[in-house]
Every structure is written in structure tokens, then in C-alpha cells.
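Letters A, B, ... are given to chains in the order of the sequence lines, protein chains preceding strands, and every chain is numbered from 1. Everything numeric in this text was worked out from a predicted model, so none of it was measured.
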Amino acid sequence: MLSNSEIASHLYELARLSALADGSNNAFRVRAYEDAARSIDGATEPVAEMSESALTGLKGVGKSTASKIRELVEGGSIAKLEELRKEFPPDFVELTRVPGVGPKTAVQLRDALGVSSVEDLKAAIAAESIRELPGFGARTEENLARSIERLGIGGKERRPPIIEAMRTALEVCQALMTVDGVQRAEPMGSLRRFRETIGDVDVLVVSTGDHQAVADRFVELPVVNEVVDYGARKSAVLSASGMRIDLRVVEPDQWGSAAIYFTGSKAHNIHLRQMALDRGWTLSEYALAEIDTEKVIASKTEEEVYAALGLAWVPPELREDSGDIEAARDGTLPALAEVKHLRGDLHVHTSLSGDGRDRLEDMVQAAADRKYLYLGITDHAEDLAINGASRRQMLAQRTKIEALQGQYPEMRLLHGAELNIGRDGSVDYDADFLSGFGWGVASVHSLFDLDRAKQTERIVTAMRDPAVNAIGHLTGRRIGKRPGIELDVDAVLDAAEETGCAIEINCHLDRLDAPAEVLLRARDRDVLFVIGTDAHDVGELRNAVWGIHQSHRGWVERSKIVNTWTQAKFLKWVGEKRMANSEWQVARLREANP
DNA sequence: GCCGTTTTCGGCCCGACTGTTTTCAGTCG
């Protein structure tokens with residue numbers, strides 16, 4: 001059966017090819033296909049199983065698209081799409097990946113010069129025949145040549161992982177803050193929405209001074225390899241790695257409308273602008289204003305603009321137009337956690353782990369500095385070949401922790417471990433030794449290639465273990481480097497509800513694991529989460545903020561995050577899980593000591 | 001192509017920058 005995302009990708013392709021046929025990415029038909037695709041992507045029911053009339057009930061899907069979907073599901077293809085593919089073969093479509101080449105230009109190049117691939121375009125540039133076309137010139141030809149070169153290093157398709165983009169963005173913001181008159185400089189776009197991969201880095205700057213001076217400084221930054229656009233309000237550059245960085249500079253009283261505009265998503269903005277029009281207003285990056293009189297209704301803060309439209313402020317990570325605007329209107333946005341709500345960290349390594357960098361004493365002090373009320377110390381357990389701690393080492397650490405506890409009357413120290421989930425779902429040590437720990441995180445560190453059924457089984461088995469309070473970095477993915485393990489997410493969530501085992505939201509920017517899709521799937525379930533930094537040094541305790549953003553992305557209610565709970569409530573919950581399934585524990589003890 | 005208590009036709013989000021032009025089209029975000 002075709003999945004929703006497979007169906008959506010057919011519609012996206014239909015949109016792309018229709019743009020070539022209609023000569024514009026903004027053609028209404030193109031947008032209609034995109035709307036339908038987005039709606040199907042976000043649908044919770046399997047669209048392949050829906051009747052034509054049920055399909056038209058989906059937002060953005062009308063009779064024509066509904067019948068195309070049925071055609072695809074029943075016959076495996078869409079006649080209209082096949083026709084378009086014939087007219088616009090992949091090599092030709094590739095042309096529009098060249099920055100500066102849109103649908104109009106691509107078609108014009110083909111009609112006038114017979115250009116039907118990037119290779120053809122290169123030849124036409126070499127022959128200097130493009131500059132002869134009406135509306136083109138030598139300058140355009142040169143720019144196209146440069147754009148083609150760029151395709152090799154970056155191109156429109158590559159989306160850098162968030163960790164890479166965040167680093168660049170914060171660097172740029174920091175540098176621009178030193179320009180005279182600059183009051184604020186912050187990352188926007190998909191970075192602020194906390195997508196796991198980033199199209200472009202967007203930076204918004206507020207300046208009371210000379211805007212041109214900001215642009216001047218921007219294009220001179222060390223990260224800049226090439227300047228794409230250069231203006232007082234708006235500039236764009238490419239980094240050496242091909243990352244595009246966009247800069248907008250606005251006046252202080254335009255921050256709110258500019259931040260909304262620049263944060264997106266595109267679909268969210270279009271929806272907001274439509275709401276503005278319904279009220280006789282228009283929304284741009286400069287202001288929400290009356291159409292007739294141009295009188296400004298709101299612009300200073302995001303809250304004001306949303307409020308004027310009858311909406312609660314929408315957290316950036318939710319702005320995808322996938323129910324966020326309706327929830328903001330109806331007052332049903334989730335009550336999200338913020339960093340200030342965190343009362344503990346429950347995945348922390350010390351130098352006892354082979355890859356840990358700071359001493360136990362320093363990690364504990366750093367947690368105390370953050371005013372935490374509980375701390376789970378979770379060094380790697382013995383099954384992890386290089387980094388794991390032996391029983392003897394673990395017991396010695398426990399003694400040290402007990403001694404340290406006296407110095408921290410406010411904060412409860414839990415001696416835990418990051419256990420390794422074996423092939424069959426078992427973890428390190430034996431049940432007796434495990435029962436000596438006060439907290440346990442279990443994670444997959446091996447056998448990433450098992451099939452879906454086996455991976456699901458091993459996770460579920462680990463969740464049932466009374467020594468396991470939470471599953472660490474659920475999928476084991478490294479964003480942009482390594483895919484996560486295959487999992488039956490619903491089965492895992494069922495087990496989480498049944499066992500009371502929490503699912504970690506790992507804070508490392510290259511993990512952000514569990515992924516947002518998993519968190520969203522758990523929205524209407526009684527699944528608990530724990531935000532864990534997986535810190536390997538004191539500085540990484542600050543990564544908690546990334547886990548908070550990730551929880552927002554997944555619409556996770558604060559009440560479901562166990563480390564926002566009071567110390568008493570948290571400790572009660574930990575104890576319950578470890579006491580529960582005592583029969584299971586007895587059975588395991590018998591197994592170990594027949 | 002979709003949509004609708006101002007509608008089944010006539011709308012459909014907004015603006016900057018570039019290169020080519022004397023007022024605009026194309027592209028992009």
C-alpha cells in the first residue's frame with residue numbers, strides 16, 4: 001500500500017512539473033497541488049484507503065486531485081503526471097536546480113536554443129549564445145556560469161544538518177551584534193522552527209543605525225565565500241560549504257512582523273496573510289496594516305501581531321500550518337516546557353565513562369549551579385567495550401556519590417547507568433546488581449542493522465525491565481550521518497504506556513532523538529518523556545535547551561516530561577517503576593541463579 | 001486546481017533584488 005508520504009511526493013512532483021507547464025512556481029494550479037500534498041503529508045489516516053469522496057474532505061483536495069489519487073492507488077500511476085514527465089524529462093527538470101533558472105527561463109532556453117539539460121546549458125554559455133536572447137545579457141550569462149559551478153558544492157537540494165547551520169548562524173549573529181546600532185541579531189527560518197535539517201540560514205537584525213553598515217559587515221565575514229544579493233534591507237551570501245545565509249535588517253518597531261515573516265513556515269505565513277485579508281488588512285514583514293489607509297495595526301512584537309489576528313502567540317517550532325493556527329485561535333495550543341521548568345538532568349556522564357571529560361564532582365556542582373533538584377548520573381555500563389564501567393568501578397562511584405550527597409541537601413543524586421540494550425533486549429549486569437541502581441537509562445549502541453521486528457522487540461523487552469526507567473536516544477540516528485534503527489513506532493509507544501518506561505528526548509543537536517515524528521505520534525497517548533542532555537562534560541548540560549526545542553517540535557505537553565516534575569513526584573514515579581514488575585524480577589533472578 | 005454565510009465564478013500572500021530595462025519580468029524566500 002502506498003504511504004501518505006509516497007502519495008504526497010507524487011503530488012509534489014505534479015506541482016514541480018506543472019510549474020514548468022504553467023510558467024510559474026506561483027501558478028494557482030501549482031500551489032493547489034502543493035497544498036494538497038502538504039495536507040496529505042500531515043494526514044493521520046492512510047490516504048490510500050480513502051474513497052474519492054472522503055479524499056475531497058481533506059483540506060486542499062478537490063475532485064480533480066482526489067480522482068488522481070485514486071488513479072495512483074488503483075493503477076500505480078497518474079496519466080497527467082506521465083504526460084508531464086514525457087514533456088519535461090529529468091535532465092530538463094534538473095535545469096531548474098540552477099539558482100536563477102526558474103520555469104520561465106528553463107522553457108525559454110529550450111524553445112530558443114534547444115537547451116534541455118545542465119550540460120546543454122554549459123555549452124550554450126560557452127558559445128555565448130544566451131546573451132543574444134531577449135531579456136538576457138552578458139551579465140546573466142556570467143551569473144548562470146557561476147550558479148552551475150555552485151551546484152557542485154551545495155546546490156538547492158542539500159540541506160545541512162541543524163548542528164552545522166546552528167553553529168554558523170550563532171557565529172554570524174554574534175559578529176553582527178558588534179556593528180554600531182544593532183540591537184538584536186537572531187536566527188530565523190527553519191532554524192528557529194527547529195527543523196532537523198536546514199535549507200538556508202536566516203538571520204534577522206534590528207538596527208537603529210545605518211542598515212547598509214550591517215550589510216557591509218555581513219558580506220565581509222570570514223564565513224562568506226560569495227555574495228549573492230547585496231542590499232540595505234536584504235543580503236545573501238554563500239559559505240565555503242555552499243550554505244546560503246540570508247540577512248534581513250529592520251527597524252526596531254518592525255521586529256514582530258519581520259520575525260513572523262522570516263520564521264515562516266511559508267504555509268503558516270500564507271495562512272496568516274489570508275486571515276489578515278479577511279479582516280481588510282495586509283500582513284508583510286513590515287507590519288500588519290489596514291489595506292486602504294496603510295494604518296499600522298501591529299508590528300512591534302510577534303504577540304501583538306498574532307493577538308490582532310485573534311490568535312495566541314504560536315511557538316516557532318509549531319509554525320507549520322498543520323493545526324497550529326487553529327489551536328492558537330481556539331486556545332488549545334499545548335502547554336509546553338521551557339528551560340526554566342527543568343528540575344533535573346537524567347542522562348549525564350562523568351570521566352568514569354571512557355568518553356566522559358569531567359569529574360563526577362564537577363558534573364554534580366554544575367548541575368547544582370543550574371538549581372537542579374535531582375540528577376541522574378549515568379555512566380556507560382560494562383557491555384560497552386571501550387567506554388563501559390565495571391561493577392567494581394560502579395560500586396566505587398556509588399560510594400563517592402553517597403559521600404557527595406551530604407554537600408547537596410537540595411539536590412537528590414541518583415546513581416544510575418546508561419545500560420546497553422543487547423540483541424535480545426537484555427541489558428548489562430544481572431538483576432541483583434541492577435537493583436542497586438537508583439535510575440537506569442537503556443540505549444541501543446550496537447546492531448543498528450537488525451530488521452524492524454527484531455529492533456522493536458529488543459526495545460520493548462528493555463522497556464519491561466524494572467531497572468530501565470527510560471530509553472535513551474531511541475533510534476540511534478546521527479542527523480545527516482547515520483539513519484536511525486527501523487522501528488514499529490506504535491508498538492514502542494504501546495509498550496511505553498504499558499510499562500511506564502519514559503522515552504528520552506536526547507539533547508545533542510546531531511541526535512534530537514526521539515525524532516519529532518515519534519513525539520507527534522505520541523500526542524494523544526499517555527507516554528512519558530525525559531529530556532536528557534547526555535552531557536559528557538559540564539558545558540553540555542546547557543544543551544538542555546535543544547531538547548526543549550525538540551519537545552516543542554513534537555507538541556509534547558510539559559506535564560508529560562518527568563524532569564519538569566517536583567522532586568517528590570519524580571522520585572515517587574522512579575520508585576514505582578522499579579518496584580513494579582517485581583514478578584518479572586524474581587523470574588530473572590531465578591534464571592540467573594537456577 | 002480549490003474554495004465559498006459577502007460566492008458555483010472570480011478570486012487566490014507579500015516584497016526585495018537583479019538584470020534588463022525606461023516600467024518590468026523573473027526568481028527567490
Residue-phosphate contact under 4.0 Å: [X] side-chain N/O, [N] OP1/OP2:
| X | N | value |
| --- | --- | --- |
| T140(A) | dT20(B) | yes |
| Y230(A) | dT18(B) | no |
| R244(A) | dG29(B) | yes |
| S235(A) | dC17(B) | no |
| N269(A) | dC14(B) | no |
| T105(A) | dT27(B) | yes |
| S18(A) | dG1(B) | no |
| K104(A) | dG26(B) | yes |

Please determine if [X] and [Y] form a salt bridge, counting it only when a charged side-chain N lies under 4.0 Å from a carboxylate O.
| X | Y | answer |
| --- | --- | --- |
| E302(A) | R192(A) | yes |
| K300(A) | D253(A) | no |
| K266(A) | D321(A) | no |
| R184(A) | E186(A) | yes |
| E128(A) | R131(A) | yes |
| R85(A) | E82(A) | yes |

From [options], nucleotide with atom closest to [X] side chain:
| X | options | answer |
| --- | --- | --- |
| K234(A) | dC17(B), dC14(B), dG1(B) | dC17(B) |
| F262(A) | dG1(B), dG29(B), dT18(B) | dG29(B) |
| D229(A) | dG1(B), dC17(B), dA16(B) | dC17(B) |
| R139(A) | dG1(B), dG19(B), dG29(B) | dG19(B) |
| D200(A) | dG29(B), dG1(B), dA16(B) | dG29(B) |
| Q274(A) | dC17(B), dG1(B), dC12(B) | dC12(B) |
| S284(A) | dA16(B), dC2(B), dC14(B) | dC14(B) |

NA contact type, [X], heavy-atom cut-off 4.0 Å: base, sugar-phosphate, or nothing?
| X | answer |
| --- | --- |
| V30(A) | nothing |
| P103(A) | sugar-phosphate |
| F136(A) | sugar-phosphate |
| A258(A) | nothing |
| L277(A) | sugar-phosphate |
| A232(A) | sugar-phosphate |
| D35(A) | nothing |

Expressed in whole Å, how much space separates the [atom1] atoms belonging to [N] and [M]?
| N | M | atom1 | answer |
| --- | --- | --- | --- |
| dT6(B) | dG11(B) | C1' | 13 Å |
| dT5(B) | dG1(B) | C1' | 24 Å |
| dC28(B) | dT20(B) | P | 16 Å |
| dC14(B) | dC9(B) | P | 26 Å |
| dT21(B) | dC17(B) | C1' | 15 Å |

Looking only at N and O atoms, is any donor in the side chain of Y261(A) or the base of dG29(B) less than 3.5 Å from an acceptor on the other one?
->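 Yes, a donor-acceptor pair under 3.5 Å.
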
From OG (S77(A)) to CG (L81(A)), nearest 0.5 Å =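 Reported to 0.5 Å precision, the distance equals 8.5 Å.
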
Pairwise side-chain contact, R511(A) with R477(A), heavy-atom cut-off 4.5 Å (strictly under) =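 Side chain of R511(A) against side chain of R477(A), heavy atoms only: no contact under 4.5 Å found.
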
With the side chain counted from C-beta on, respond yes when S18(A) and Y33(A) share a heavy-atom pair under 4.5 Å apart, and no when they do not.
->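 S18(A) reaches Y33(A) side chain to side chain.
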
What are the residues of residues 304-315 of chain A, sorted by number, that bring a heavy atom to within less than 4.0 Å of DNA chain B?
->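 DNA chain B contact set from residues 304-315 of chain A: none.
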
Considering Watson-Crick and G-U wobble pairs with both distances under 3.5 Å, what does dG19(B) pair with?
->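 WC or wobble partner is dC24(B).
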
